[in-house]
Amino acid sequence: MRPIEDFSNGLFRENPTFRLILGMCPALAVTTAAINGLGMGLATTFVLVCSNTIISLLRKVIPEDIRIPAYIVVISSFVTVVQLVMQGFAPELYGILGIFVPLIVVNCIILARAEAFAGKYGVVRSAADGLGMGLGFTWALTLLGAVREVIGTGSLSNTYRLFLIPQFSLKIIRGFYDPALITILAPGAFITLGLMIGLMNLLTKHR
Amino acid sequence: MDIREIMIVIISAVLINNYVLQRFLGCCPYLGVSKQLETALGMGMAVTFVMAIASAFTWIVQHYILLPLDLIFLQTIAFILVIAALVQFVELVIRKSSPTLYQALGIYLPLITTNCAVLGVAVINIRAGYGFLLSLVNGTAAAIGFTLAIILMAGIRERIELSDVPPALRGVPIALITAGLLSLAFFGFAGMVK
């Protein structure tokens with residue numbers, strides 16, 4: 001089953017954030033809270049699946065020489081869709097993510113997958129690859145956001161429901177924990193992600 | 001337009017709100033091309049060049065095409081196309097006019113299209129409501145801040161190469177932690193302008 005392999009590829013083995021080191025800007029900038037990471041991840045996943053599908057469909061029509069501008073037009077169209085939908089239905093999230101919503105266009109993951117995968121393979125496989133990469137990006141961002149939020153504020157805004165963590169346990173933590181604010185500030189983003197990639201390297205080496 | 005306002009924009013873009021270290025714009029080339037001092041300098045110069053021109057052009061596109069025609073929703077598409085075309089154009093001009101400069105910057109130019117600092121500064125200029133001159137100043141200053149950050153980083157990474165880093169942290173992780181410490185150092189500028 002090739003599409004299933006393509007799908008699982010992006011989730012772990014070639015995870016964009018922890019393995020390929022692509023799309024660092026949004027990964028560092030929006031992950032001050034788990035819910036922001038989740039929102040950003042899902043928006044990127046949508047763009048990635050749609051652009052991979054369309055580019056794969058058009059791969060025989062697009063001339064080799066101008067493929068990059070053509071890819072960028074397809075990608076930026078879907079980003080505009082996300083931008084308008086988010087503005088209409090999730091204005092709060094749109095406000096928090098701010099400038100990083102239009103900047104999904106220049107997220108290297110999307111162009112890299114268009115170039116390395118969608119331009120070469122069929123529609124089903126490309127869509128599966130886009131979905132896998134997108135969800136891989138999403139879980140990485142959500143995890144990074146959760147770690148930074150818990151250490152930095154001692155709480156977990158709305159996201160605790162997603163992880164099925166009972167709220168009272170977080171309240172107990174807050175009772176005796178003095179938050180290390182640094183992790184939700186700019187330097188903490190770099191340091192936390194650096195340590196997490198290091199930890200991933202350590203864990204996967206022994207496999 | 002008084003000189004004080006311009007100075008504040010410059011200092012703020014270079015030091016206080018450094019685009020890489022405080023705003024996380026342009027992190028991919030920052031981590032990717034900062035292994036050697038020389039290439040970092042080349043990348044910084046290419047980015048400065050493109051960002052200055054892109055700030056000017058996107059401002060013109062916004063105020064003379066998108067606003068009068070009520071096409072604001074096309075902003076993202078229009079800006080990224082302007083930047084992509086501009087990068088291509090700059091590449092052609094440099095190749096014809098100065099082969100030495102082309103050899104120094106050539107390989108970095110295509111990468112700049114997907115440098116989010118370029119699109120980022122264009123959108124920030126519009127959202128901050130800057131006029132033409134201030135947009136140009138902000139774009140140039142932001143790029144100088146990027147160059148400063150990437151050169152500092154390259155200098156540090158050249159030395160890290162020689163030191164004994166735990167195997168799991170080699171490469172990108174230690175670079176990210178270094179960037180975090182640099183960012184912490186840049187925090188010291190926060191109180192400079194009221």
Side-chain angles (χ1 to χ4, degrees), chain A residues 18-31 66 68-69 71-84 87 98-112 182-183 185-205, chain B residues 17-32 73-81 83-85 87-88 110-124 126-127 165-187:
Chain A
F18 294 131
R19 283 268 166 270
L20 303 179
I21 322 286
L22 290 173
M24 284 291 109
C25 308
L28 291 164
V30 304
T31 51
I66 56 152
I68 302 289
Y71 294 167
I72 288 179
V73 174
V74 173
I75 295 167
S76 52
S77 311
F78 285 113
V79 171
T80 307
V81 171
V82 167
Q83 210 175 339
L84 294 176
Q87 228 167 347
I99 184 172
F100 284 92
V101 181
L103 287 186
I104 297 175
V105 180
V106 281
N107 188 327
C108 346
I109 302 169
I110 301 177
L111 198 63
I182 182 91
T183 62
L185 296 174
F190 289 108
I191 295 172
T192 316
L193 183 59
L195 291 176
M196 275 173 75
I197 296 175
L199 194 65
M200 292 285 161
N201 287 345
L202 206 61
L203 291 176
T204 47
K205 210 178 64 180
Chain B
N17 286 321
N18 186 288
Y19 272 56
V20 183
L21 296 171
Q22 305 294 345
R23 283 187 165 163
F24 311 108
L25 293 168
C27 290
C28 295
Y30 183 65
L31 294 171
F73 65 95
L74 286 179
Q75 194 191 51
T76 310
I77 303 178
F79 279 14
I80 191 71
L81 282 180
I83 291 167
V87 171
Q88 204 92 58
L111 287 174
I112 293 175
T113 312
T114 53
N115 181 344
C116 42
V118 182
L119 183 60
V121 81
V123 179
I124 286 175
I126 302 299
R127 291 198 180 180
V165 179
L169 289 177
R170 270 180 205 151
V172 177
I174 194 75
L176 277 165
I177 293 168
T178 313
L181 296 176
L182 265 180
S183 164
L184 199 60
F186 270 69
F187 246 38

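Only this structure's heavy atoms are used, side chains among them; waters, hydrogens and symmetry mates stay out. Each chain gets a letter, A, B and so on, in the order its sequence line appears, and its residues count up from 1.
When heavy atoms are compared at a cutoff of 4.5 Å, A:Gln87 does not approach chain B at all. There is no contact between B:Ile174 and chain A, counting heavy-atom distances below 4.5 Å. Only the side chain of A:Leu111 comes within less than 4.5 Å of a heavy atom in chain B; its backbone stays farther off. Using a 4.5 Å cut-off between heavy atoms, A:Ala27 does not touch chain B at all. Of the atoms belonging to B:Arg127, it is side-chain heavy atoms, and not backbone ones, that fall under 4.5 Å from chain A. For a residue to count as touching a neighbouring chain, one of its non-hydrogen atoms must lie under 4.5 Å from one of that chain's; by this rule B:Tyr30 does not touch chain A. Of the atoms belonging to B:Leu81, it is side-chain heavy atoms, and not backbone ones, that fall under 4.5 Å from chain A. Of the two parts of A:Ile21, only the side chain, counted from C-beta on, holds a non-hydrogen atom closer than 4.5 Å to a non-hydrogen atom of chain B. Of the two parts of A:Ile182, only the side chain, counted from C-beta on, holds a non-hydrogen atom closer than 4.5 Å to a non-hydrogen atom of chain B.
Per-residue counts of heavy-atom pairs under 4.5 Å with chain B were compared for A:Gly23, A:Pro26, A:Ser76; the largest is that of A:Ser76. Of the listed residues B:Ala185, B:Ala175, B:Ala84, B:Cys28, the one with more heavy-atom pairs under 4.5 angstrom with chain A than any other is B:Cys28. Of the listed residues (A:Gly188, A:Ser77, A:Ala189, A:Pro69), the one with the most heavy-atom contacts under 4.5 Å to chain B is A:Ser77.
The two residues B:Cys27 and A:Leu28 come nearest to each other via the heavy atoms SG-CD1, 3.6 Å. Of all heavy-atom pairs between B:Gly26 and A:Cys25, the closest is N-SG, 3.6 Å. Summarising the geometry of B:Leu169 relative to A:Gly194, their closest heavy-atom pair is CD2-O, 4.2 Å, with the distance given to 0.1 Å. Residues B:Ala179 and A:Phe190 share a closest heavy-atom pair of CB-CD2, 3.6 Å. Counting all heavy atoms, side chain and backbone alike, A:Asn201 lies closest to B:Ala168 at ND2-O, 2.9 Å.
Distance CG/B:Leu184 to CD1/A:Ile191: 6.5 Å, rounded to 0.5 Å. Here the straight-line distance linking atom CD1 of B:Ile77 with atom CD of A:Gln83 works out to 9.5 Å at 0.5 Å rounding.
Counting heavy atoms from C-beta on, the side chains of A:Ile104 and B:Thr76 never come closer than 4.5 Å. The shortest distance between side-chain heavy atoms of B:Leu25 and A:Leu103 falls below 4.5 Å. You'll find the side chain of B:Phe187 reaches within 4.5 Å of the side chain of A:Leu185, heavy atoms only. Residues A:Thr80 and B:Leu74 are not in side-chain contact: their nearest non-hydrogen atoms beyond the backbone lie 4.5 Å or more apart.
Just one of A:Leu195, A:Leu193, A:Thr192, A:Ile197 meets the side chain to side chain contact (heavy atoms under 4.5 Å, CB included) condition when paired with B:Ile177; it is A:Leu195.
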